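Okay, so here's the structure we're looking at.
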Amino acid sequence: MTGLDGRPSRAEARNSHEWHGRLAGLLVSARAGDREAISELVKALTPLLWNVARAEGLDRDLAEDAVQDAWLSLVRSRDDIRSPQALTRWLMTVTRRAARALNVRHARQRTIDPEMLTGLPSQDPLAEERMVEDERHRRLWWNVERLSPQCRKLLRIIAFVERPDYDLVSRELRMPKGSIGPTRGRCLSKLRRLLASDPGWSSP
Amino acid sequence: MKFNAHDPLDDDDIAVLEELRAMYSKIDPAPDMVARVLFALDLDQIDIEFAAVIEELVGSMGTRSTESTRTITFEGSSLRVTIAVPGGGRSYLDGWIEPPGILRIALVTPDARLETRSDEGGRFAFESIPAGPVHLEIHPTPGNSVHLSHPVVTQQVVL
């Protein structure tokens, strides 16, 4: 079974040895220039990086630029990235940095050219149209919209992190770490409470 | 239900995160980046510097306000190229390079290749350009102030 985005489903990836073992193998081959391995790695981690870039508020074109930057940086970089955990964290950091740089550059252009404003995520009419199709998504979206922007951003990213990697990003994403692993955290608690008090939402 | 922030993640938390992932994947799917990344890496390997479009403006710049000029700026790591294409069906193209210098420049279309040189101020022009997809190549040219270590190839644009 693979998920919607072509990655192994979260349930399948619960075995952290399997997920990390797969990434570790791909990482070694990709850095040696193996195109097959680069493709596999790009397929496996792009959905996460995409959501990191989009959570920074980039439109779709710029988000692609940021994600491409991250992948090219990885292949060109001489940094010593050995573990799969380090890989995920490194890619997330580079994507976020690229996204912020693009944001600054384009914010400057937008002040010159107001036409550039069209196409920002919040004004994408297609997105809203697609939303309505699925009642459950709409309900979930409605509740997510009630969270603070910081919580929306954090949950959007954590939703794309594989479960074995919660630990490694928990500090960065301000999810407090418990004695046996990551805890629910403030933002997920808030969302769970909102969902529980929404009569239109039933537990999965 | 308290849903304490300090409790460990439970199965329902995981289920909510999975639904969030499905929702974002549906409304804002990540594009397939494989072809794009491999293409960029190929350019890397054959030692070409890629200059992507960083800005495109349409505005009337001429004396006659009915004509709108398209201005497209490409940026690579060693130089920036701007081209201006007049509207109104006229088929020439002005351009300039920053930093300025005398460089060999080619305009490449699917069927033709036109060559020229920029002047000391970095300015160049092509007459009678065909409509359709084009890209520019700026080649290392010995004996001037701008040193390129490899050719700069711009993103393809449709004129």
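Atoms considered below: every heavy atom in the structure, side chains included; atoms not considered: hydrogens, waters and symmetry mates. A note on names: the letters A, B, ... follow the listed sequences, proteins ahead of strands, and every chain is numbered from 1. Remember, predicted model here, so these are calculated numbers, not experimental data.
Of the two parts of A:R139, neither the backbone nor the side chain holds a non-hydrogen atom closer than 4.5 Å to a non-hydrogen atom of chain B. Contacts between A:N51 and chain B at a heavy-atom distance below 4.5 Å involve the side chain alone, from C-beta outward. For A:L49, no part sits under 4.5 Å from any heavy atom of chain B, backbone or side chain.
A heavy-atom distance below 4.5 Å is found between the side chains of B:I54 and A:R105.
Here the straight-line distance linking atom CG of A:L188 with atom CG of B:D7 works out to 11.0 Å at 0.5 Å rounding.
A cation-pi arrangement is not found for A:R184 relative to B:F3, the charged atom failing to lie both closer than 6.0 Å to the ring centre and inside a 45° cone about the ring normal.
The shortest heavy-atom contact between A:S189 and B:A5 is OG-CA, 3.1 Å. Across all non-hydrogen atoms, the minimal contact from B:L17 to A:A159 is O-CB, 3.6 Å. Taking every heavy atom of both residues into account, A:E64 and B:M33 meet most closely at O-CE, 3.3 Å.
Using a 30° and 60° split on the angle between ring planes, B:Y24 and A:F160 fall in the tilted class, from 30° to 60°.
Taking 4.0 Å as the cut-off between side-chain N and carboxylate O, B:E19 and A:R192 do not count as a salt-bridged pair. With respect to the salt-bridge test (charged N to carboxylate O, under 4.0 angstrom), the residues A:R156 and B:D28 qualify.
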